[in-house]
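Below you'll find the structure, written out as structure tokens, and then a few comments.
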Number of protein chains: 4
Amino acid sequence: MPKVGMQPVRRQQLIDATIESVAEFGLQATTINRISKKAGLSSGIISHYFAGKQGLIEATVRYLLSNLKKVLIEGLTPTTTPEQRLMLIIEANFSRLQQQSETTKTWLSFWSQSMHDYELHRLQIVNSRRLFSNLACSFKQLMSDDDAKLAAQLCAAMIDGLWLRAVLSKSDENEFEHCECLAKSYVNSLIKQYGA
Amino acid sequence: MPKVGMQPVRRQQLIDATIESVAEFGLQATTINRISKKAGLSSGIISHYFAGKQGLIEATVRYLLSNLKKVLIEGLTPTTTPEQRLMLIIEANFSRLQQQSETTKTWLSFWSQSMHDYELHRLQIVNSRRLFSNLACSFKQLMSDDDAKLAAQLCAAMIDGLWLRAVLSKSDENEFEHCECLAKSYVNSLIKQYGA
Amino acid sequence: MPKVGMQPVRRQQLIDATIESVAEFGLQATTINRISKKAGLSSGIISHYFAGKQGLIEATVRYLLSNLKKVLIEGLTPTTTPEQRLMLIIEANFSRLQQQSETTKTWLSFWSQSMHDYELHRLQIVNSRRLFSNLACSFKQLMSDDDAKLAAQLCAAMIDGLWLRAVLSKSDENEFEHCECLAKSYVNSLIKQYGA
Amino acid sequence: MPKVGMQPVRRQQLIDATIESVAEFGLQATTINRISKKAGLSSGIISHYFAGKQGLIEATVRYLLSNLKKVLIEGLTPTTTPEQRLMLIIEANFSRLQQQSETTKTWLSFWSQSMHDYELHRLQIVNSRRLFSNLACSFKQLMSDDDAKLAAQLCAAMIDGLWLRAVLSKSDENEFEHCECLAKSYVNSLIKQYGA
DNA sequence: TATGAATGAGCCTTCATTCAT
DNA sequence: TATGAATGAAGGCTCATTCAT
């Protein structure tokens, strides 16, 4: 049913279908046929809107990144303390699951592929740097700059590590909640250790 | 020229070529043609020795796992203290790079694929449990059982997280050494925090 | 904004765009998207005015043929001698380049395709016969009927051959002028040879 | 039925099938499926032996060119006079039909495509130059160098023109024989005109 | 009159697997 | 034991056509 102004709708349909497919089958087994079938559209439409599979993959990663950013920003209020902000960052990174349970698996697929794909690698670096700078920014209000940088590094690693284990263990939501808890208490121990 | 007793030689040739190819091109772009060319053998030989590509992939993961175990065991002496053992575990996990610089990238490819591949997932769980139990075993000699379990969990996550960041940043060896250092000091802080 | 009387304008826009595209990319790589983009119109318009790509191709060939005829007719005056008329025919066949430098390449594409396309073949035959009859008509005023037929046949072949070599050599305009010159002197030698 | 040393056999099978298909359907409609079906082989074999469709097309043109050369060389004897050699050249160019009746149509398809394909254009230039130099070489033994060059140019054009008309008219063998005759008598008239 | 969203068949290519030698 | 010729399914992409607006 050809209509005007369908572009944003179709793009989102296809991005959602891509996330689902990558979560279900992996990036390798995600074909444009599977994606278009999931989206209830024809295969040709992907090239029409994204100039090929690669374009759709990249758009999907960008969407996930922007989503992560949005979750974080929406949580901020004028009265957020540095401690609250740190907790918010952790929640944003772990709550990806709650919003859309497929998303988590999808991230790892993209990260893995980023080692052999220039554009994905660039996006992954952006994500990595943003997490670090968000953490460091908050820690700096609680400790010296050098300590804050170290704490941010360790905290980022701990978040990734816990998140990775949660993903790979294919565990239920409880495991994610447990990991989120561990991450939060690690932040507190960092503040206690280095905090003035 | 048919020879006898070539089996172990050929198998190792092919496993080495697989590690190289996955590191260079990723799991997705690793074809049996590339592997066999790298190994200087024909493509047919893979089915001959591993009953297909999947068998070779699994054998490669098993080889990497056994290698990790071996590095750990070789480092142990009758007089190794729990602290030394913990440092050894960390070194084993980070020194994968030094042994064979391609190996690191390869791990992530396999982990990512393990979400959609039963056998790889099983192997990944084995690896994950072994790291946890190795860590917990050592921590238990330094603190209460419950604390040791928690410390092992946190430590395993920190190792994975630091290692993941080092891999994804495509950085040089220095980054790996730096991460190894951070992991070691984290172990020490855990011992200080929970240690009797 | 629907307008009336746009039909001839749009048709010519599309035919011009087709000539350009076939010259630039070849008939094989000429898609309706390329044509419509060159014409600054939508792709749907082609089916609207020509009932499909094939219709546009045929209309383009007919346009080129009619153009060739027009050039010839326009050159004729009541006092044109047979010799002048022969020169005019040659000029018409070679001057296609001057009018529109893309046209030449386009002809060969269509001729080649005419071997596998009934309608194009029909049009090509018409063109071929017309050249022959134009030449024969003029030669007959200068020699016996039989000699005139032979001269027309040879002359037509010479024109095509020279023109083909000029096209395929991708040469500049000088080559075309040189070939036109050779063709004219061949006509003169035919008149000298067979002329009463 | 896998065997060793099949390469030359398979390559020729595929080249023959390509000639047939291009003659029957045109270059545009010649797909690797059609070719492989004609050859009684699978579609994958084309990439195996020619690294893709383009490689097969180019190999086919090279084969046709080398064939043309061979026909010419085989006709030469130590006692061949310049006049005989000129006749031989014409026969070689027109007898392509007799050897393999599809070949003629195929040539025009390739020539047409050569305007938009670097490698095909290169091969076409080689062919064109060879015909000219063969003709010029023979004419030089019968007239001055400058006249010989001009004669060769005119003769080459006449051969192409007559051949083109024969092809495009889709005529039977008689037409080809008639054209061959006209070409030969044109050579004689050139010799008479310029010959010492 | 004119658009461009949407389709889906068909293209070339890749690749794991098989198997005669 | 080892080869590599051969297969054919499946992949991504192109493109003429259709049609609601």
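Because only heavy atoms are used, hydrogens play no part in the values below, and waters and symmetry mates are left out as well, while side chains stay in. Not measured: the values here are computed from a predicted model. To find a chain, count down the sequence lines: A is the first, B the second, and so on, and within it residues start at 1.
- Taking only side-chain atoms of D:Ile32, from C-beta outward, the nucleotide of E:dT13, E:dA2, F:dG4 with the closest atom is E:dT13.
- Put simply, OH on A:Tyr49 is 18 Å from P on F:dC13, counting in whole angstrom units.
- With DNA chain E read from its 5' end, the first of the two nearest nucleotides for A:Gln7 and D:Ala51 is the one closest to A:Gln7.
- Considering only the side chain of B:Lys53, E:dT17 comes nearest among F:dT17, E:dT17, F:dG12.
- Both B:Gly52 and C:Gly44 sit near DNA chain E, but only C:Gly44 has its closest nucleotide nearer the 5' end.
- Considering every non-hydrogen atom in both A:Leu123 and A:Glu58, the closest pair reads CD1-O, 4.2 Å.
- Distance, A:Glu58 CD to F:dG12 C1': 15 Å, rounded to whole Å.
- Of the possible donor and acceptor atoms, none in the side chain of B:Ser112 sits under 3.5 Å from a partner among the backbone N and O of B:Leu108.
- For A:Asn33 and B:Ser43, each mapped to the nucleotide of DNA chain F holding its nearest heavy atom, the one lying further toward the 5' end belongs to B:Ser43.
- In summary, the side chains of B:Ser36 and B:Ser43 do not present any donor paired with an acceptor at a separation below 3.5 Å, with no hydrogens or angles considered.
- Between A:Leu41 atom CG and F:dC13 atom P the separation is 17 Å, expressed in whole Å.
- Of all nucleotides listed (F:dT3, F:dA16, E:dT14), F:dA16 comes nearest to the side chain of C:Thr31.
- When the C1' atom of E:dA16 is taken as reference, atom CD1 of B:Ile46 falls 10 Å away, rounded to whole Å.
- For DNA chain F, runs of at least 3 consecutive pairs of the Watson-Crick or G-U wobble type, with both hydrogen-bonding distances under 3.5 angstrom, map to E:2-21 with F:2-21.
- The interatomic distance linking A:Ile45 (CD1) with E:dA5 (C1') rounds to 6 Å, in whole Å.
- A salt bridge links D:Glu119 to D:Arg62: one of the charged nitrogens lies within less than 4.0 Å of a carboxylate oxygen.
- A salt bridge does not link C:Arg34 with C:Glu24: every distance from a Lys NZ or Arg NE/NH1/NH2 to an Asp or Glu carboxylate oxygen is 4.0 Å or more.
- Across all their heavy atoms, A:Leu168 and B:Met115 have their closest contact at CD2-CG, 4.2 Å.
- Residue D:His48 has a polar side-chain atom (N or O) positioned under 4.0 Å from OP1 or OP2 of F:dA5.
- In this entry the distance linking CZ of D:Arg11 with C1' of F:dA6 reads 16 Å, nearest Å.
- Rounded to whole Å, the distance from CD on B:Gln28 to C1' on F:dA10 is 14 Å.
- Rounded to whole Å, the distance from CZ on A:Arg34 to P on F:dA9 is 18 Å.
- Where C:Thr30 and A:Thr30 meet DNA chain F, the nucleotide closest to each residue was compared, and A:Thr30 sits on the side nearer the 5' end.
- When all heavy atoms of C:Gln113 and C:Leu120 are compared, the pair lying nearest together is CG-CD1, 3.6 Å.
- Contact annotation: B:Arg10 does not reach the phosphate of F:dT1 (side-chain N/O to OP1 or OP2, under 4.0 Å).
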